[in-house]
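We name chains A, B, ... by the order of the sequence lines, and we start the count at 1 in each one.
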Amino acid sequence: MSKKKIILIDGNSIAFRAFYALPLLTNSSGLYTNAAYGFAMMLLKVLEEEKPTHMLVAFDEGKDTFRHEFYQEYKGKRDKTPGELTGQFPLIKEVLDACQIRYYGLAGYEADDIIGTLSKMADAEEMETLIVSGDKDLFQLVTDQVSVLMTRKGVTEADRYTPESIQDRYGLTPSQIIDLKGLMGDPSDNIPGIPGVGEKTGLKLLHQHGSVEEIIARVADLPGKKLQEKVTEFQEQALLSKRLATIYCEVPLDFGIDDLEQPSIHTEEVIETFKKLEFKTLVDRIKKGLGDQSGQASESDQTLVEYQIVSEDSMGDWNDLLQSDSLSLNVELSEENPHRSELVGLSISDGITNLYIPANVVSKWNKLLDWLGSSNSQKVVFDGKRSEIALSKLGISLEGIEMDILLAAYLLNPSETSLSLSDVVSQHSEYTLASDEEVYGKGAKRKLPTGENLAQHLAQKAYVLYGLQSQLKPEIERTDLANLLYDLEMPLSRVLGKMEKLGVKVDGEQLEQLGSVLQETLERLTIEIYDIAGTDFNINSPKQLGEILFDKLGLPVLKKTKTGYSTSADVLEKLAPQHEIVDKILHYRQVGKLLSTYVEGLKKEIGADGKIHTHFNQTIAATGRLSSVEPNLQNIPIRLEEGRKIRQVFVPSEENWMILAADYSQVELRVLAHISGDPSLQKAFREAKDIHTQTAMDVFQVKEEEITSLMRRQAKAVNFGIVYGISPFGLSQNLNIPQKEAKQFIERYFETYPGVKQYMNDIVAQAKQDGYVTTLLQRRRYLPELYATDFARRSFAERTAMNTPIQGTAADIIKKAMVEIDRVMVEKKMKSRMLLQVHDELIFEVPVEELGSMGDLVREMMEQAVELSIPLVVDLNIGQSWYEAK
DNA sequence: GCGTTCACG
DNA sequence: ACGTACGTGAACGCG
């Protein structure tokens, strides 16, 4: 018999977490079920992953606890539990009953106390204990045997806390957690602590003195007179707070650990309850997973399918299958990057028959090649762009994509970072699929498995892909994402594929020359820096550099990082007046960056055709923007002249062609003016030549002639800050001014543009109601952290709620323009080519005779891509290189 | 593999 | 008191 293991769940805490982490779902009878749903998800997860032998869910019972006897105001200021949640506790208990999980609450005690009592009992019996909660207070119970699973975001993601990880995080032992709370207090429980002491001060004091009692006893040793006074004045309060935070571990229970043995899950009953509550995906999970052996579900629980390997001899037998209305197609490649990969093979499925076609057979099966290239044959694919690029290298065309599962999954949740087919399958269907990493191995160990295993895996891919379409289509419809998927993202992927295949011509010789100039500069700077420092060291090592600057040369430490001194540019700029070495280091860094990332980095990427083929990622950025990798051509230097010269090497690929660059002028601020509807900001865009100057005039209330360059710079920073979801701190950092001043700037801005202020308030409120924000074209981003209790996380989510509709709408606009420009270019049989997109600009190469028509066309389509309440403006530039097109 | 730094919009 | 400007990708040092 393996070791016993008990799971103790903080019922109220998890219910709250689930309630705030999920959008306010209702089932068909109008009943709110989000908290119960989240709770059930968490239960299934811990049952599957932890396989407990014993289990209990503890609830708070009644309002008054023994803590109120000595502190009336305990939990006094807490908001009333929302009605939408209170109604869900019976549902949660229904779920627990169905799973035969015990739950318990006792008047006068909190769930924490019950958990504490049981964890001590379990400890005595040498049972392993896992506490599940969203409340850090429970850390005090942690021992070698007892760990806490702390929900992180939502309810299913959690961190496990052990004595070691608490030590790492706080530098405290678990029992010192109550001392910390005694000092800090906890506003949510109305525990006062010592005013003016937060986590930082609290931790510092505890690291020095160990406990609240010790701190009080040694008050005279504390740093700072203010602090000493506070501790003296509020010592009673601190002791009281500590007492309130201490979990009571002797609750009189009328049952023992043995009574909490967890029987295996009775599948039928659970399914019935989940069906009744309309937890559809959970029903599926139970069906395939948990089984009657409770917790026996395993990783090997994969979807195995029947498959056929197509050979040259047998390929004729399968021609009929290709006549199906719709088939899924998986194009298997050796590398992530399709420009560098080789074809392993194809697999196709109609949901019943699953074929694997090795690469050598593909090229010989003519009917298959016809099917691939036929726009009448509908295909369900995963990452059509990648597939199309790889096939086109073999001269095989791919048409007729009716659904791209990758793009659909991205739109359904653009924040999801893992969008491999295997992840998408587990997220959206009842199946599981081994990840490529499991099948192929990773790193140096990566290799193709033996024939049968490979065929089985690839046939599975095609099979699950076929199933996913019917799963995702309704989800896409329901979330109003159909137009965005079918009319924007899917057509765009074709355009991006073309751009990637075309690539950008790079003048390798000139890159070489630029490199040697930079190399000389770098060597000169290195010598000068060593000379001033009086010693050789690795300037690229922040650690060694810090030692030179701060230990050897004694410069003041303005900022620290987790690992030591900060030597970032903003710090160095402040130190520059104090020592001649600093400017040289800044320059060294700048040149070093250019040399390693841009000269050396780009050189490696030039292909046999003299071009660079970047890879646009369409499913990375949560806002809807594109990203560019291997290499990143969206961050080629421009701000400083020395770096800007890199752009000279990007040239047209043919004689008598030019580079045309078309960029949106202030697109994000225009979007803000549109969605906020602020009259002054709109007026500014209808009239003003320069928005930052106009903002400076409005905010400082001066005439245009009176605007100084400082005023304009500050107005510009405020404009940027507004788009990012402003905070006084952020602006103060950016402008290097006190936070107070930054706050005044923001206030004046909001007085000037009250519509913007209204928008910022409304969008956050709306987001908290819906659980997500949307863009002009209905792109969606969920923001579960809006409900976080942690201030920093919540604030971050609030700024994201302000920024995403702006950045995301700008992304929608340029994407739409790209699709339309491409369509017209094809229609008009233009020779010109779209090469790059850099968020608000498009780069083309254009034969001189098309310059006029392309300029008109591009401007027109970009400016008219969508209709806003204010005009969109596009600037055009032409040159012999990207550098000159400015 | 992670943290720091820095390139872009 | 808290700890941040929004969104990315690449190179490097270090353990």
*Among residues 625-641 of chain A, which contact DNA chain B at a heavy-atom distance under 4.0 Å?*
A/Arg625, A/Gln634, A/Asn635, A/Ile636, A/Pro637, A/Ile638, A/Arg639
*Considering residues at least two apart in sequence or located in another chain, which fulfil the ring-ring contact (aromatic ring centres under 6.0 Å, His included) criterion with A/Phe720?*
none
*asked:* Please convert DNA chain C into dot-bracket. A pair counts if it is Watson-Crick or G-U wobble with both distances under 3.5 Å; crossing pairs go in [ ] and bases paired with another strand get |.
replied: .....|||||||||.
_Results of side chain to side chain donor-acceptor pair (under 3.5 Å) for A/Ser566 - residues two or more places apart only_ = A/Ser568
_side chain to side chain donor-acceptor pair (under 3.5 Å) involving A/Glu523 - partner list, sequence neighbours excluded_ = A/Gln519
*asked:* For A/Asp436, give me all partners under salt bridge (charged side-chain N to carboxylate O under 4.0 Å, His left out), at least two apart in sequence or on another chain.
replied: A/Lys461
_Residues in ring-ring contact (aromatic ring centres under 6.0 Å, His included) contact with A/Phe616, at least two apart in sequence or another chain_ = none
_A/Phe750: which residues meet the ring-ring contact (aromatic ring centres under 6.0 Å, His included) condition with it, sequence neighbours left out?_
none
*Sequence-distant partners of A/Glu500, salt bridge (charged side-chain N to carboxylate O under 4.0 Å, His left out), two or more places apart*: A/Lys385
_Once side chain to side chain donor-acceptor pair (under 3.5 Å) is applied, do any residues pair with A/His209, and if so which ones, sequence neighbours excluded?_
none
*Considering residues at least two apart in sequence or located in another chain, which fulfil the ring-ring contact (aromatic ring centres under 6.0 Å, His included) criterion with A/Tyr170?*
none
*asked:* Of all nucleotides in DNA chain C that come within under 4.0 Å of a heavy atom of chain A, which is furthest toward the 5' end and which toward the 3' end?
replied: C/dA1 to C/dC14
